[in-house]
Every structure is written in C-alpha cells, then in structure tokens.
Amino acid sequence: METVNTFQFLLTTKVIFGQDQIHVLENELRVLKASKAMIVTDKGLIKAGILDDIVNIIEKAGINHYMYDDVTANPTIKSVDLAAGKCQEEGCDILIAVGGGSVMDTTKGISIVATHDGSSYDYLDGRGENKKEIVQEPLPIIAIPTTAGTGSEVSFYSVLTDETTKIKDSITSHKIYPKTAIIDPTLTAKLPPYITACTGMDVLGHALEAYTSTIENTMTDLFALEAIKLVFENLSQAVNTGDMKARSNMAYASILAGIAMSHCGATIPHALGCPLTGHTGMPHGLAVGLLQIPMLAFNGTFMEDKIKHVLHYQHVDMSQIQEGTYHTYLIQMIKKKLVQEIHLEEGLEAYILDDQVMDAMTEDAYIHGCRMINPREVSKADIKAIYSEFINKQE
Ligand SMILES: [Fe+2]
C-alpha cells in the first residue's frame, strides 16, 4: 500500500482561471487597493495588441499606470534593478505582469528591489550566507500569463541571469508569490506554434521532474500526474491547430505543473537546461524539453516505479511493457507523441556548443540546486555525456 509522505503545502496566490476571465482584473485592482500600477511586459506583446484590453480594464478601474515594456528573454540582475528604479520613480504601488516566464521573473525581482535596499543580486540563493533577508512586504503582483508553460504565476521563484558570468540563479521566497494569477487561455491564442511547443515542453519538465525529484510530495504528485497526462493529450493539437480547448488544457496543465515544481523542485533537465539557456540563448523550453529524454535514460532504473505510475495514469496497456523498461517506453512516447509532432528539434542547429562552452555549462550545472535533488547521483562526467547528446544531434 502507498504511504503518504511528510509534506508542507502553501499557495498564497488566488488563482482565477477561465476563458475571457481577464475582466476580473478590474475588481482585483480594487481589492488590492492599488493607486498606480506598473505594467511589466515586452514590446512583442504590445505589438501583438495583447495589452490593449488590459490597459482599458485598468483605466476603467480608475487606476493610473506606467507601462514598462523593456523585458527581454532571460532577465539579468541589471535589467531588474533598472526596472525597479523606474518603479520607484513612478511611485507605483502594484505590479501587473503580462507575459511569459521572463516577465514574471522580472516582476518578482522588481517587487523586492523596489521595496528594499541594494540590488536583486543581494537576494539570490547563490549568495549563501551573504544573501540579504527580505524584511519588508514586496509590492503586490497580479500575474497574467500569455504563455502556457512557465508556471511562474503560481511559484515563489524569480530566475535571473548574472550578465557577467552567464550563471542563472534564483530568488526564492514565499513573499514573492503573486497575490493573484489570472489565467485566461484566450491570451495564448496568438502564441506562435514554436513558442507553444517550447513552453509546453517546459510544462512536461516541471511535472515529470517534480514527480521524480527526491523531495517529491504526496499531495503535489496528483498535480504532476494530471499535468503530464494533459500535455500528452493536448500539446500537439495546441501547437498544430491552435485549438482553444487544447490551449485551455495546456494553460491548466501549466498551473498544475507550476504548483508541483514550486514545492518539489526539478531535476537534471533544469540543472543542465538553465546553463544551456544562459550560455547559448537557447529557449528554456527547448533545452528542458529535449533534456527529458537523456534524463529518463540516465535516471530510468532509479525511478522505475514512478515511471510505471506515470504510464498507468495515462491508461497505457501495461501488459505490453517488460519490467525494467518503463522508462524506455516513456522515452518513445515523448519522441513520437511530442518531440516529432510538435517539430521541437527544428532550429536546434542554430545553437553552437563548442568544448569551451560545454566546460562552462558543466560547471554551472554541477552547482545547480536541481542536480542535488535528482534521484540518481550526477557527476561532472555524467553532465558532459548528456550535453554531448546535443552536440551529436547538431552534426
Ligand atoms: Fe522550466
């Protein structure tokens, strides 16, 4: 009989989910007693017209706003500090994050730096004993995701890149949970297929890695299993047809996976994927998505019962699979039902990985927190071997 393990569960974010639910923003702004909002977004989303309705709603609520649209992919310490300075100059008392993971990470960083001394660098986990404590209440955040992938709207992490070293690190605090997350899947309607594919594979990574990490949690296992199932059932359709029901299911999967990951962490794909993104600019979802396959090959027999359960949950006919090969069956499912159908590998050759870059990435992956909670011990040689699979793919 399965036993319930010891766990803690905390989600302080009010989650509002549903098609055409963006109008609730007006009431949320009133509930949070905002007087001036800083909208944090990027120029691409403004150009796509996604901000138009949101600005109208903010104006209808009788609240002033300042539009900050300088967020770029993989936000840096410097970019967050500059944005926080703008927030202080403008006197904003609430942050509205409209976008994907980079927007969410930037916004969480702003919420701290705008209310504390120093730089976002001072609050990074990697600072160890020198890390500053978040003593004040950060600015409240309303998170409005426009991708179905990051899960950052329901997590308490802000992932930032050091522009000098290229190392990605996190600020981790329950205080940066968004106050409200409004997940309106219609906002993902204009997302191009390639971004839908990459962000969708990030959802798979969050769920599968949280489910198999050494700190997995009986309660969030439910979220993870359902998220994995939803990705297999909906991602291909969301990418290839843009069907709104499939997009809605992916948006829902993203929340479930985000909650699981924020409680149970992630494993090799995120430990190795973050340096890939930091050093080469490869989209996070592409890196993490493709790394699911070597992760399963490497961890396979160390988490076979878990993988068996993943397959069972998806109603796979277990009689056709031999004991000890559940992970190879799941690898084939990922390759056939996801990677091939969503054309994930297209464009991979654009990222150059020479020996020097690989050595730097290996060092960064080795000290990444997600390596520590992988179900199997991971050496530097193991990391190099896994990275080599990427290089082989490019030849
Ligand atoms: Fe991720």
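Model, not experiment: these values are computed from the prediction. All ligand and atom numbering here is 1-based and tracks the order in the structure.
The pair Glu28-Lys14 counts as a salt bridge, with a side-chain nitrogen and a carboxylate oxygen less than 4.0 angstrom apart. Here Glu26 pairs with Lys60 in a salt bridge; the nearest charged N to carboxylate O distance falls below 4.0 Å. Using a 4.0 Å cut-off between a side-chain N of Lys or Arg and a carboxylate O of Asp or Glu, Lys131 and Asp122 do not qualify as a salt bridge.
Other residues, nucleotides and ligands contribute only 12 or fewer heavy atoms inside 6.0 Å of the OH atom of Tyr252.
Residue His284 approaches the Fe ion (ligand 1) most closely through its N/O/S atom NE2. Per residue Asp202, closest N, O or S atom to the Fe ion (ligand 1): atom name OD1.
Draw a line from the Fe ion (ligand 1) to NE2 of His206 and another to NE2 of His270, and the angle between them is 100° (to 10°).
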